[in-house]
Protein chains: 2
Amino acid sequence: MAVRFVRKLEKYGRLSKTECQVIVDVSQNTRKIAARKSILHEDENSQKSCVILSGLACRYKIFEDGARQIVGFLVPGDFCEGYAHQPEYHLGTLSQCLIAYLDNDALAGIMDEYPRISRNLWRTSKAEAAVLREWLVNIGRRPADKRVAYLICELCTRLDGSDVDVAGGCALPVSQIELADATALSTVHINRVLSRLRDNKLVTLQRRSITIKDLGRLKAYAQFQDAYLQLPKSA
Amino acid sequence: MAVRFVRKLEKYGRLSKTECQVIVDVSQNTRKIAARKSILHEDENSQKSCVILSGLACRYKIFEDGARQIVGFLVPGDFCEGYAHQPEYHLGTLSQCLIAYLDNDALAGIMDEYPRISRNLWRTSKAEAAVLREWLVNIGRRPADKRVAYLICELCTRLDGSDVDVAGGCALPVSQIELADATALSTVHINRVLSRLRDNKLVTLQRRSITIKDLGRLKAYAQFQDAYLQLPKSA
DNA sequence: GGCTCACATTCACTCAGGTTAATGTGATGA
DNA sequence: TCATCACATTAACCTGAGTGAATGTGAGCC
């Protein structure tokens with residue numbers, strides 16, 4: 001399964017056989033985590049990083065009053081660090097996940113020795129920032145309906161890029177509560193929005209599974225451009 | 001002036017004399033840019049990256065309808081890439097700036113040769129992502145007054161960390177229009193918010209200069225925690 | 001079957017912040 | 001001295017989305 005991580009990193013630039021093997025070797029400490037559990041938090045793992053090998057996870061911030069803002073979803077192949085210095089941030093599973101835990105020190109050693117691995121890790125981090133910028137724009141400037149549609153487009157596109165078969169319809173383990181936390185809307189409003197999107201035959205999201213009749217139409221509606229998820233030719 | 005960049009990178013981990021020199025050498029192509037100009041866009045520079053050596057700049061996305069979302073400010077020492085594949089994103093100056101243009105290929109060569117430089121660049125990128133996450137939370141979850149206050153706290157803290165003297169009051173070349181574009185509020189509402197903040201003796205922002213009577217009180221009001229701007233001990 | 005739990009749905013009401021538009025203000029410059 | 005420009009300010013009105021609360025729906029379990 002660690003090959004998921006290798007495949008992701010290879011998208012950001014060619015790696016040698018040795019380099020691929022090094023990545024596989026460092027990703028051997030895996031663990032299966034149930035749905036809706038916290039990972040990388042308040043335990044010995046805070047000094048580690050992790051890679052999602054299967055399933056869907058998300059990163060979020062919790063406020064003292066219990067409010068929550070999801071700041072990103074993680075699909076198979078995604079790398080994520082523990083942020084020991086920001087205890088208000090959490091990483092949690094949405095579905096059952098297979099996680100590889102990487103030791104930060106081991107990783108640092110590898111990055112010193114294999115510059116192409118560190119370059120690719122750098123690129124994953126820049127790609128993550130590009131996604132965050134789009135989230136900012138999405139939450140900041142788009143009305144509720146397009147906001148939700150956009151998020152769905154992004155999730156499907158990213159899942160598709162991680163070899164999860166999406167085409168037309170698939171399981172999407174995201175509740176309305178979680179959609180609300182990700183889009184900065186209320187659950188009630190998410191419900192209104194989803195039923196409108198359903199009425200307009202754009203998406204149907206029910207019982208943790210999603211059906212998209214016409215992805216092109218949905219993307220057009222949401223003004224979704226996937227260039228930011230594509231990889232820059234250089235850089 | 002290239003020392004600004006070196007100093008910033010050194011914050012993310014010790015560098016040798018040679019490494020520092022390499023960074024200075026690659027940052028020699030500098031240019032002075034007037035306030036409110038676009039940089040790194042639609043010209044030969046799109047294949048380059050740049051570093052802000054002095055002044056204040058911002059990155060933003062423009063919509064077809066002219067709406068704009070600022071997705072980040074750049075203070076002296078900040079590194080930024082051109083995104084040739086995302087032409088809707090721009091980089092612009094707010095004040096007069098001194099910019100160093102770096103060649104992407106030269107940079108790639110350096111990263112291959114000096115793993116510690118690439119590690120530090122990676123860390124700057126992770127730091128940028130941390131800032132973006134906070135923006136997301138700020139725009140997503142905080143009411144207008146705290147949102148603006150928070151942004152001001154962030155800007156001041158980052159300027160302070162770039163050796164710009166802020167203490168108590170300083171020039172802040174940000175108009176109400178730009179504040180609105182950064183916080184996803186209307187200019188009219190920004191004006192209401194600013195006068196309320198002024199009435200509550202939290203901040204005074206007038207004529208491109210800012211006065212903070214009691215930074216501690218402002219931070220408390222905005223629930224601003226600067227941990228995310230501090231550097232993690234490891235990683 | 002009936003109980004519980006976790007979500008989803010719908011309704012009535014409220015409000016933060018948007019919109020439009022008029023007016024003010026100060027810097028620049030012919 | 002007056003014109004212009006770029007912002008800032010204020011007011012009146014509107015609306016998208018939030019809130020609270022009641023009700024529905026299915027899955028899992030005893």
Side-chain angles (χ1 to χ4, degrees), chain A residues 34-37 63 65-70 92-96 138-152 171-199 203-211, chain B residues 34-37 58 63 65-70 92-96 138-152 171-200 203-211:
Chain A
R36 279 136 231 274
K37 295 275 175 239
F63 287 75
D65 66 1
R68 180 168 88 143
Q69 174 69 47
I70 292 179
T93 57
L94 292 172
S95 65
Q96 191 191 68
N138 196 34
I139 290 185
R141 299 286 158 188
R142 266 188 272 263
D145 290 43
K146 296 195 173 187
R147 196 135 119 203
V148 172
Y150 192 97
L151 187 68
I152 291 172
L172 194 72
V174 184
S175 71
Q176 296 190 1
I177 296 170
E178 285 144 2
L179 267 187
D181 287 346
T183 52
L185 294 165
S186 67
T187 49
V188 174
H189 204 60
I190 284 286
N191 188 281
R192 295 191 270 242
V193 165
L194 285 181
S195 66
R196 256 177 282 162
L197 291 177
R198 207 182 308 128
D199 292 348
V203 227
T204 304
L205 195 59
Q206 255 167 349
R207 212 86 52 60
R208 317 234 136 185
S209 103
I210 194 172
T211 317
Chain B
R36 279 140 233 270
K37 294 277 174 236
C58 69
F63 287 74
D65 66 1
R68 179 169 89 142
Q69 175 68 49
I70 293 179
T93 58
L94 293 172
S95 65
Q96 190 190 66
N138 196 35
I139 290 185
R141 298 287 157 190
R142 266 188 271 262
D145 290 41
K146 295 194 174 187
R147 198 135 118 203
V148 172
Y150 192 97
L151 186 68
I152 291 171
L172 195 71
V174 184
S175 71
Q176 296 188 3
I177 296 171
E178 286 144 3
L179 265 185
D181 288 345
T183 52
L185 294 165
S186 67
T187 49
V188 175
H189 203 60
I190 284 286
N191 188 280
R192 295 192 271 242
V193 164
L194 285 181
S195 67
R196 255 177 284 164
L197 291 177
R198 207 181 310 129
D199 292 349
N200 295 331
V203 230
T204 304
L205 195 58
Q206 257 168 346
R207 212 86 53 64
R208 306 220 146 198
S209 103
I210 193 173
T211 316

What are the two closest non-hydrogen atoms of A:S95 and A:P173, and how far apart are they? CB-CG, 3.7 Å
Give me the residues of residues 177-186 of chain B where at least one heavy atom lies under 4.0 Å from an atom of DNA chain C, by number, or none. B:A184, B:L185, B:S186
Mind checking if A:R36 touches a base, just sugar-phosphate, or nothing, with heavy atoms under 4.0 Å? sugar-phosphate
Have a look at A:D181 and tell me which of A:Q69, A:R68, A:Q176 forms a side chain to side chain donor-acceptor pair (under 3.5 Å) with it. A:R68
Under a 3.5 Å distance rule, please check whether B:T93 uses its side chain to pair with a backbone N or O of B:R36 as donor and acceptor. yes
Verify the contact: side-chain N or O of A:Q206 to OP1 or OP2 of C:dA8, cut-off strictly under 4.0 Å; return yes or no. no
Length of the line joining A:R208:CZ and C:dA6:P, which is rounded to integer Å: 12 Å
Check whether A:S175 reaches the backbone of A:E178 with its side chain - one donor and one acceptor, N or O, closer than 3.5 Å. yes
Report yes or no: is the cationic atom of B:R142 (NZ for Lys, CZ for Arg) under 6.0 Å from the centre of the six-membered ring of B:Y150, at an angle within 45° of the ring normal? yes
Please round to the nearest 0.5 Å and tell me the distance separating atom CD1 of B:I139 and atom CD1 of A:I139. 8.0 Å
Rounded to whole Å, the CZ-P distance (B:R192 to C:dT19) equals 11 Å
A:N191 (side chain) donor-acceptor with A:T187 (main chain) under 3.5 angstrom: no
Output yes when a side-chain donor or acceptor of A:D145 lies under 3.5 Å from a complementary backbone atom of A:V193, and no otherwise. no
May I have the distance from A:N191 (atom CG) to C:dT10 (atom C1'), rounded to whole angstrom? 8 Å
Whole angstrom value for the distance that separates P of C:dG17 from NZ of B:K146: 12 Å
At under 4.0 Å between heavy atoms, what does B:R198 touch on the DNA or RNA strands: base, sugar-phosphate, or nothing? sugar-phosphate
May I have the distance from A:R207 (atom CZ) to C:dA6 (atom P), rounded to whole angstrom? 18 Å
Given atom CZ of A:R196 and atom P of C:dT9, what is their separation to the nearest angstrom? 13 Å
Chain B on DNA chain D: first and last contacting nucleotide, 5' to 3', under 4.0 Å to a heavy atom? D:dC7 to D:dA12
If you take all heavy atoms of A:A35 and A:L94, which pair is closest and at what distance? CB-O, 3.4 Å
